[in-house]
Amino acid sequence: MEPFDAVIIGSGPSGASTAIKLAEAGWKIALVEKEILPRYKTCGGGLVYRGRNYLPFDISSAVERELHQVEIFFGKKSTLIFKAQREKPIVTMIMRDSFDSLLVNQAKKHSIVIYEGEKITGLENDENKDLAVVKTDKRTIAAKFVIAADGALSPTAKLAGWPETRQICPALEYEIKVSPTDFERLSKTVRFDMDVVPKGYGWCFPKKNHLSVGVGNFMKLTKTLNLKTYYQDYLQTLGISNVLEEQAHGFIIPISPRTDGFVKHRVFLIGDAAGFADPVTAEGISNAILSGNLVAKALVESQANLDKATLLYQQYLDEKILPELLTGIKLAKLFYNNQKLRNLMLQKLGQTATEAMTDVFMGVRSYPKDYKESIRRRLKLMVFSLKKNPDF
Ligand SMILES: Cc1cc2nc3c(=O)[nH]c(=O)nc-3n(C[C@H](O)[C@H](O)[C@H](O)COP(=O)(O)OP(=O)(O)OC[C@H]3O[C@@H](n4cnc5c(N)ncnc54)[C@H](O)[C@@H]3O)c2cc1C
């Protein structure tokens with residue numbers, strides 16, 4: 001069989017986005033997916049506006065709900081509450097089975113070959129022919145390039161020789177049905193509760209007819225948490241006493257980029273395989289799509305030249321993804337490791353911070369590079385106002 005231009009492993013948002021862009025450019029693409037589509041994917045299904053903006057086609061058939069308001073609760077007793085609203089939907093709620101299928105169907109319009117229900121099991125280089133050879137449990141596929149879009153566990157990255165350098169965090173996701181009264185009460189807003197998990201948060205995302213409720217820990221701890229207990233407590237915080245139906249799922253999110261590069265041999269890493277989820281929020285769909293778009297751009301512009309594509313991909317990541325992630329890692333440390341100081345500061349600056357975070361979700365700003373100076377300045381102002389008004 002003729003070799004493919006590229007074989008993409010994984011049909012999540014990163015892999016499907018690459019497939020769409022490469023197929024649009026006339027590349028001959030194979031997409032290998034271990035599940036049969038549509039498949040459930042453990043995810044809150046909160047697609048922030050900037051991620052949605054990376055998709056220049058109609059996704060309405062996969063939209064469960066559009067939310068124009070975000071609420072963020074801080075403090076063990078949820079004593080600090082901040083809200084932000086925007087005209088455009090801040091978070092579009094999706095279920096990943098329909099959403100990921102919609103993206104794959106978009107790629108299918110350009111006649112790509114899909115091997116569903118097949119796992120990658122081996123990876124070799126055929127240097128003589130300038131090809132990579134991917135083995136699945138059913139066949140052998142030769143291609144000029146391999147795109148590892150196979151998520152947090154990324155067997156492809158392991159087979160290509162990457163050691164683990166990403167920070168990996170655990171998260172639980174529950175799809176639950178609650179009483180009509182509770183659903184009505186919780187379905188108008190995107191809700192984050194920052195202090196219901198040590199160094200992490202809980203979320204309540206309303207879908208069409210149910211809630212996606214989850215808890216995650218996003219910073220290293222000295223002990224392992226029993227997240228199930230935190231989920232049960234979180235239901236109390238949300239005022240849910242009766243869960244009518246519940247499906248529990250657990251998985252991991254890599255929240256820092258790999259430290260040893262994103263290309264090896266003929267393999268390019270994107271999305272969770274590369275560690276591109278946001279270090280503060282663990283929101284990963286936006287950068288999954290963006291990195292998929294960027295790798296496709298690099299490959300097409302290189303005219304399938306490996307060295308050129310490697311340089312271009314790194315350049316695009318340096319421009320569009322990595323600086324924000326590196327600032328995000330530092331901000332996450334400040335945010336999760338100094339809870340008392342953070343909440344004290346938020347009494348004064350909570351609304352400003354909530355608006356800024358919402359702007360990041362909307363894609364109109366990034367994390368401030370000069371965040372240290374800005375925090376130092378604001379701390380000084382705060383200490384000054386504390387001195388003037390000790391009751392503050
Ligand atoms: C509990 C939880 C909640 C989250 N909530 C949100 C949220 O609300 N919003 C948000 O933006 N992000 C969220 N994330 C993060 C988000 O899910 C990921 O960042 C995103 O899915 C990454 O996309 P991807 O395409 O890189 O990988 P994935 O979406 O994981 O896709 C990888 C694909 O590869 C396939 N695959 C795996 N192994 C193989 C193999 N051996 N052979 C072939 N195929 C294979 C998988 O079946 C899968 O289809 C959440 C994550 C978790 C765990």
Side-chain angles (χ1 to χ4, degrees), residues 7-19 30-52 54 64 67 91-97 99-101 103-104 114-123 134-138 141 146-159 166 168-175 190 192 200-205 207 212-218 227 231 248-255 269-278 281-292 295 361:
V7 54
I8 300 165
I9 317 297
S11 70
S14 64
S17 305
T18 315
L31 182 61
V32 177
E33 167 56 53
K34 77 175 164 64
E35 306 288 340
I36 303 287
L37 299 172
R39 53 94 184 92
Y40 180 85
K41 154 80 178 90
T42 304
C43 182
L47 173 64
V48 297
Y49 188 75
R50 76 167 171 178
R52 185 170 176 169
Y54 295 141
E64 294 265 317
L67 291 150
V91 184
T92 299
M93 293 299 169
I94 49 151
M95 289 303 289
R96 289 288 302 275
D97 46 2
F99 177 72
D100 292 11
S101 281
L103 298 190
V104 171
I114 302 186
Y115 300 118
E116 285 177 59
E118 287 190 31
K119 280 183 191 161
I120 182 171
T121 54
L123 180 63
V134 165
K135 293 201 169 129
T136 75
D137 43 356
K138 296 192 182 137
I141 306 163
V146 179
I147 313 299
D150 45 356
L153 298 175
S154 190
T156 309
K158 280 185 202 134
L159 288 167
R166 299 163 301 169
I168 308 278
C169 287
L172 295 183
E173 168 70 34
Y174 290 77
E175 311 296 350
V190 183
F192 298 99
Y201 67 85
W203 63 87
C204 178
F205 288 177
K207 301 293 168 67
S212 292
V213 175
V215 286
N217 151 248
F218 303 120
L227 280 179
Y231 161 70
H249 305 271
F251 200 46
I252 49 168
I253 317 178
I255 49 157
L269 302 183
I270 57 175
D272 275 5
F276 289 159
D278 184 293
T281 62
E283 182 265 312
I285 302 175
S286 301
N287 276 344
I289 299 169
L290 179 59
S291 58
V295 84
F361 286 163

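Remember, it's 1-based here, ligands and their atoms both numbered in the order they're listed. Note that the coordinates shown come from a computational prediction; the quantities given were computed from them, not determined experimentally.
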Original post:
After noting the C-alpha distance and the side-chain angles of Phe251 and Lys41, does the key distance pass the side chain to side chain contact (heavy atoms under 4.5 Å, CB included) rule?
Top reply: CA-CA 9 Å; Phe251 200 46; Lys41 154 80 178 90; 4.0 Å; yes
**OP:** Answer yes or no: does an N/O atom from Ile285 fall short of 3.5 Å to an N/O atom of ligand 1?
**Re:** yes
Subject >> Pro155 N/O under 3.5 Å from ligand 1 N/O >> reply: no
**OP:** Starting from atom 49 (O) of ligand 1, locate the nearest protein heavy atom and write down its residue, its atom name and how far away it is, to 0.1 Å.
**Re:** Glu33 OE1, 2.6 Å
**OP:** Verify, without hydrogens or angle tests, whether Asp137 (side chain) and Lys119 (backbone) share a donor-acceptor contact under 3.5 angstrom.
**Re:** yes
Subject >> Enumerated ligand 1 atoms positioned under 4.0 Å from heavy atoms of Glu35 >> reply: 47 (O)
**OP:** Within a distance under 4.0 Å of any heavy atom of Gly151, pick out the atoms of ligand 1 and give their elements.
**Re:** 27 (O), 30 (O), 32 (C)
Subject >> Within-cut-off N or O pair, Ala277 and ligand 1, under 3.5 Å >> reply: no
Original post:
Given that the side chain starts at C-beta and the backbone is N, CA, C, O, which of these parts of Ile252 lies under 4.0 Å from ligand 1, counting heavy atoms, or is it both or neither?
Top reply: backbone
**OP:** Go through the steps for Arg50 and Leu290 under the test side chain to side chain contact (heavy atoms under 4.5 Å, CB included), then give the verdict.
**Re:** CA-CA 10 Å; Arg50 76 167 171 178; Leu290 179 59; over 6 Å; no
Subject >> Basic-acidic side-chain contact under 4.0 Å: Arg39, Asp100 >> reply: yes
Original post:
Do Lys34 and ligand 1 have an N or O pair less than 3.5 Å apart?
Top reply: yes
**OP:** List the closest protein heavy-atom neighbour of atom 6 (C) of ligand 1: residue, atom name, distance to the nearest 0.1 Å.
**Re:** Cys43 SG, 3.4 Å
Subject >> Those atoms of ligand 1 less than 4.0 Å from some heavy atom in Gly46 >> reply: 7 (C), 8 (O), 9 (N), 10 (C), 11 (O)
Original post:
Do any heavy atoms of Phe205 fall under 4.0 Å from ligand 1?
Top reply: yes
**OP:** State whether the shortest distance between N or O atoms of Ala273 and N or O atoms of ligand 1 falls below 3.5 angstrom.
**Re:** no
**OP:** For ligand 1, note which part of Lys41 has a heavy atom under 4.0 Å away: side chain, backbone, both or neither.
**Re:** side chain
